[in-house]
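Everything below concerns the one structure shown next.
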Amino acid sequence: MESNNSNGGDNNDLLSQECAKLRIADKLTSCDEAPRDVNRKRTNYIDYDEYFMATAFLSAMRSKDPVTQVGACIVNNDKKIVGIGYNGMPNGCSDDEFPWAKDSSDILETKFVYVCHAELNAILNKNTADIKNCTMYVALFPCNECAKAIIQSGIKEVVYMSDKHAHKPKTVAAKRMFNAAQVKYRQYTPKRNEILINFNEINWNQNPPSPSKQGS
């Protein structure tokens, strides 16, 4: 976008639109930083908490659950991701055949007795020998069953976004167990309203691959 101050309202409108995309809740990012200095490091990069929580949210987008999509991301002390997961059916149990219903008179026709939660899947999907002393980032505070798996796996901290089920016995029990097992937990407060991934803004060295040739 050209920075021609003499162009009046049109450029101002475009700039306002671009600024709106960058504006964050606590105004840590300012449009006054434009234009960028190509000889210095960027200052509006995301921090580690944003990176790992965003990874959990991206994982959640894989979930087929029609009501609640949850993702989890496990990080070791070296700030490396060692496991991710989302809520879904167990391997070999078709998500087209098993029920996704939330309400039914027959509990066997609900999702609750079949779905593996994101936290459990992240633990089972780990790419390292163990995850002792790791941190888990998760969109929703873990239930009591996931809390058991978290404690038994050796994870020592849980960073969560939402605690909307705080009043429910499963969450109360999870916190009681975390406190007893000395597993820390803290609520993540986002610095931005959103993190946008725009595939059209990648600086390709060559022509971008044709969408028709990319895998699913």
Side-chain angles (χ1 to χ4, degrees), residues 1-63 68-86 118-119 122 125-128 131 133-142 155-164 184-211 214-215:
M1 181 172 63
E2 296 181 356
S3 57
N4 184 355
N5 293 332
S6 64
N7 201 20
D10 290 341
N11 273 351
N12 288 336
D13 290 341
L14 290 173
L15 180 59
S16 296
Q17 293 174 19
E18 293 301 314
C19 289
K21 295 179 182 178
L22 296 173
R23 191 172 294 114
I24 56 179
D26 58 358
K27 298 181 180 179
L28 289 180
T29 295
S30 171
C31 292
D32 294 335
E33 294 176 355
R36 63 181 179 178
D37 186 343
V38 297
N39 295 313
R40 296 182 182 179
K41 74 174 185 180
R42 291 173 55 239
T43 58
N44 62 340
Y45 54 86
I46 61 176
D47 63 27
Y48 276 123
D49 268 358
E50 291 176 296
Y51 176 43
F52 298 134
M53 188 59 79
T55 299
F57 269 69
L58 183 62
S59 299
M61 296 178 70
R62 280 286 304 157
S63 175
T68 304
Q69 303 85 43
V70 179
C73 174
I74 302 173
V75 181
N76 67 15
N77 289 330
D78 293 323
K79 302 295 184 183
K80 295 180 179 179
I81 295 174
V82 294
I84 56 175
Y86 55 89
E119 300 94 323
N125 291 340
K126 68 181 185 298
N127 58 12
T128 185
I131 48 178
N133 300 316
C134 286
T135 297
M136 175 179 283
Y137 288 79
V138 63
L140 185 63
F141 198 96
I155 291 173
K156 287 302 181 183
E157 184 175 15
V158 174
V159 183
Y160 63 95
M161 175 74 83
S162 172
D163 196 14
K164 66 179 183 178
K184 298 178 182 178
Y185 52 91
R186 62 182 172 90
Q187 188 165 24
Y188 172 69
T189 302
K191 297 178 180 179
R192 312 168 189 256
N193 292 324
E194 64 178 13
I195 294 177
L196 179 66
I197 300 175
N198 188 340
F199 291 112
N200 293 324
E201 292 184 354
I202 296 177
N203 294 320
W204 299 97
N205 292 326
Q206 299 177 349
N207 292 329
S210 171
Q214 296 184 31

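Here the structure is a predicted model, which means the values were calculated and not measured.
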Would R186 and D49 count as a side chain to side chain contact (heavy atoms under 4.5 Å, CB included) if you check the C-alpha gap in whole Å, the side-chain angles of each, and the deciding distance to 0.1 Å? CA-CA 12 Å; R186 62 182 172 90; D49 268 358; 3.3 Å; yes
Please give me the minimum heavy-atom distance between [X] and [Y], naming the atom from each residue.
X	Y	value
A118	G85	CB-O, 3.7 Å
T68	L140	CG2-CD2, 4.5 Å
M161	P190	SD-CD, 4.0 Å
P142	E119	CA-OE2, 3.2 Å
Q187	D163	NE2-N, 4.1 Å

Crowding at CZ, R42 (>12 non-hydrogen neighbours, <6.0 Å): yes
Quick one: pull up [atom1] in [X] and [atom2] in [Y] and give me the separation to the nearest 0.5 Å.
X	Y	atom1	atom2	value
D78	C134	CG	SG	9.5 Å
S59	I81	OG	CD1	8.0 Å
N133	N76	CG	CG	10.5 Å
M61	Q69	CE	CD	9.5 Å
Y188	M53	OH	CE	7.0 Å
R192	D47	CZ	CG	7.5 Å

As a quick check of understanding, evaluate side chain to side chain contact (heavy atoms under 4.5 Å, CB included) for K126 and I74, giving each step before the final call. CA-CA 8 Å; K126 68 181 185 298; I74 302 173; 5.5 Å; no
Are the side chain of E157 and the backbone N or O of Y185 linked by a donor-acceptor pair below 3.5 Å? no
Mind running side chain to side chain contact (heavy atoms under 4.5 Å, CB included) on V70 and V138 for me, showing each step along the way? CA-CA 7 Å; V70 179; V138 63; 3.9 Å; yes
Please state whether the rings of Y137 and F52 are parallel, tilted or perpendicular, taking 30° and 60° as the class boundaries. tilted
One pair to check against side chain to side chain contact (heavy atoms under 4.5 Å, CB included): K79 and Y51. What are the steps and the verdict? CA-CA 10 Å; K79 302 295 184 183; Y51 176 43; over 6 Å; no
